[in-house]
Amino acid sequence: MKILGIETSCDETAVAIVTDKKKILSNLIFSQIDEHALYGGVVPEVAARSHMEHIKTLTKKALSEAGLSSFKELDAIAVTAGPGLIGGVMVGVMMAKAIAAVHSLPIYAINHLEGHALMPRMTNDIEFPYLLLLASGGHSQILAVKAVGDYICLGTTKDDAMGECFDKVAKLLGLGYPGGPAVEKLAAKSTNVKTAIEKFNLPKPLFGREGCDFSFSGLKTAMRKKIEALKSDANGDILDIDKIELLAAFQGTVGLVIKNRIENAIKEFRTIFPNVENPNLVVSGGVAANEYLRQVMQNTANENNFKFAAPPINLCTDNGVMIAWAGVERMGANMSADNLDFNVAPRWPLDNM
Ligand code: KG4
Ligand code: ZN
């Protein structure tokens with residue numbers, strides 16, 4: 001079976017073709033980063049226009065790279081129907097509906113978050129149920145994944161998303177967009193993260209509290225104040241070494257918070273699924289590309305007798321493979337395809353599918 005996946009919910013136009021045997025036949029991503037970098041973040045109108053400009057070429061190319069000569073050779077189409085920036089989502093959905101209508105193919109309206117959530121099942125052969133940290137530019141959730149379409153949300157952010165916090169901190173330091181990779185690169189230059197954490201003593205929101213929720217706005221504000229203080233100390237231009245140590249402290253503090261929240265989630269998971277031996281802790285979403293945070297989670301998993309898994313870095317950030325794969329999973333679970341008149345959903349929580 002060959003499934004086409006289309007993803008246009010944020011700033012990547014992504015199209016892929018995947019088989020039910022977990023083979024990626026094509027995986028194309030057009031990143032709009034350069035177009036949004038000028039503004040320091042994603043501009044919805046610019047994103048929608050760019051998706052319009054690239055979707056047709058990319059879709060045709062995905063077909064030819066997969067060695068297919070017609071859309072008729074596909075078995076189904078899967079497309080992100082939300083959550084995300086509505087203008088972009090509509091571009092992908094219109095394209096998918098047009099192909100499905102013309103070639104009489106079944107179409108699956110996919111929740112973008114389900115795409116991230118199920119990706120590790122394709123890349124790492126993970127069995128249900130598993131514990132998932134889904135951390136991206138728009139979401140920070142801890143979920144118990146019971147089955148396709150069956151998610152229990154154990155915790156979510158009360159304010160900013162984790163990736164958004166990385167992006168905002170990067171912006172304050174003029175590191176460009178997206179901020180996550182830039183912050184990670186500088187923080188990795190620190191030789192002693194523990195000392196950096198102690199030196200800057202940043203707040204660890206919700207650390208030590210019950211539950212699995214996150215909060216990042218206090219940490220973001222504290223970072224703004226530290227950056228302003230460093231700037232005034234150095235007459236406006238922060239020394240590279242100070243940037244490195246501050247970012248190492250920031251990333252390290254996020255790591256401490258993640259560890260604490262996951263430890264609570266692990267306890268809750270064990271209560272919900274007392275008979276699952278050696279369960280998996282899985283991380284997915286753009287922030288999962290962060291090597292330091294992956295290591296934190298690997299350690300947390302080891303300490304608690306969980307196995308740890310994360311998709312390869314290029315499949316952590318937005319891509320078409322995860323959407324196509326969510327389609328494969330829905331077909332495999334005998335879930336019915338969607339009618340062509342389905343609506344897009346700018347907001348669409350995963351535990352309410
Ligand atoms: O999943 P994704 O590609 O798009 C959304 O659905 O939001 O995630 C993008 C987010 C951005 O906020 C970006 O800064 C963050 O993931 N990100 C990272 C890293 N790479 C991407 N955050 C921390 N460290 C990274 N290496
Ligand atoms: Zn995403």
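Whatever order the structure lists them in is the order used to number ligands and atoms, beginning at 1.
- Cation-pi check for Lys259 over Phe207 is not met; the charged atom does not lie both under 6.0 angstrom from the ring centroid and within 45 degrees of its normal.
- Distance check, rounded to the nearest 0.5 Å: CG of Asp159 to OG of Ser215 gives 3.5 Å.
- Centred on the Zn ion (ligand 2), the NE2 atom of His116 and the OD1 atom of Asp318 lie at an angle of 90°, reported to 10°.
- Within ligand 1, counting atoms from 1 as listed, the ones closer than 4.0 Å to a heavy atom of Gly138 are 7 (O).
- Atoms of ligand 1 lying under 4.0 Å from at least one heavy atom of Phe166, given by number and element, are 23 (C).
- Atoms CG and CG, from Leu105 and Leu74 in turn, are 6.0 Å apart once rounded to the nearest 0.5 Å.
- Closest protein heavy atom to atom 18 (C) of ligand 1: Gly180 CA, 3.5 Å.
- Looking at Thr317 against ligand 1, both its backbone and its side chain come within 4.0 Å, counting heavy atoms.
- For Cys10, the closest heavy-atom approach to ligand 1 does not fall below 4.0 Å.
- Using a 4.0 Å cut-off between charged nitrogen and carboxylate oxygen, Glu329 and Arg121 count as a salt-bridge pair.
- Screening Tyr292, Phe200, Phe166 for a ring-ring contact (aromatic ring centres under 6.0 Å, His included) with Phe250, the sole residue that qualifies is Phe166.
- The N/O atoms of Pro178, backbone and side chain alike, include none that comes under 3.5 Å of an N/O atom in ligand 1.
- Distances below 4.0 Å separate heavy atoms of Glu184 from the following atoms of ligand 1: 25 (C), 26 (N).
- With hydrogens and angles left out, the side-chain atoms of Asn264 and Glu268 include no donor and acceptor closer than 3.5 Å.
- In this structure, the protein non-hydrogen atom closest to atom 10 (C) of ligand 1 is Gly137 N, 3.4 Å.
- Between Phe71 and His103, the ring centre distance stays below 6.0 Å.
- Residue Ile313 holds its CD1 atom at 4.5 Å from CZ of Arg294, rounded to the nearest 0.5 Å.
- For atom 24 (N) of ligand 1, the closest heavy atom belonging to the protein is Asn290 ND2, 3.0 Å.
- Comparing Leu134, Ile29, Asp318 by heavy-atom distance to atom 4 (O) of ligand 1, the nearest is Asp318.
- A salt bridge is defined here as a Lys NZ or Arg NE, NH1 or NH2 lying under 4.0 Å from an Asp or Glu carboxylate O, and Glu53 with Arg49 fails to meet this definition.
- Considering CG of Leu4 and CE of Met95, their distance stands at 8.5 Å, rounded to 0.5 Å.
- Atoms of ligand 1 found under 4.0 Å from any heavy atom of Asp167 (numbered from 1 in listed order, with element): 11 (C), 12 (O), 13 (C), 14 (O).
- Under a 4.0 Å heavy-atom criterion, Gln251 is not in contact with ligand 1.
- Near His116, with a cut-off below 4.0 Å to any heavy atom, the atoms of ligand 1 are 1 (O), 6 (O).
- Looking at His139 against ligand 1, nothing comes within 4.0 Å, counting heavy atoms.
- Checking Ala182, Gly286, Gly115, Gly179 against atom 19 (C) of ligand 1, the nearest heavy atom belongs to Gly286.
- Residues His36 and Val43 share a closest heavy-atom pair of ND1-N, 3.0 Å.
- Because the distance cut-off is set at 2.8 Å, His112 qualifies as a neighbour of the Zn ion (ligand 2) through one of its N, O or S atoms.
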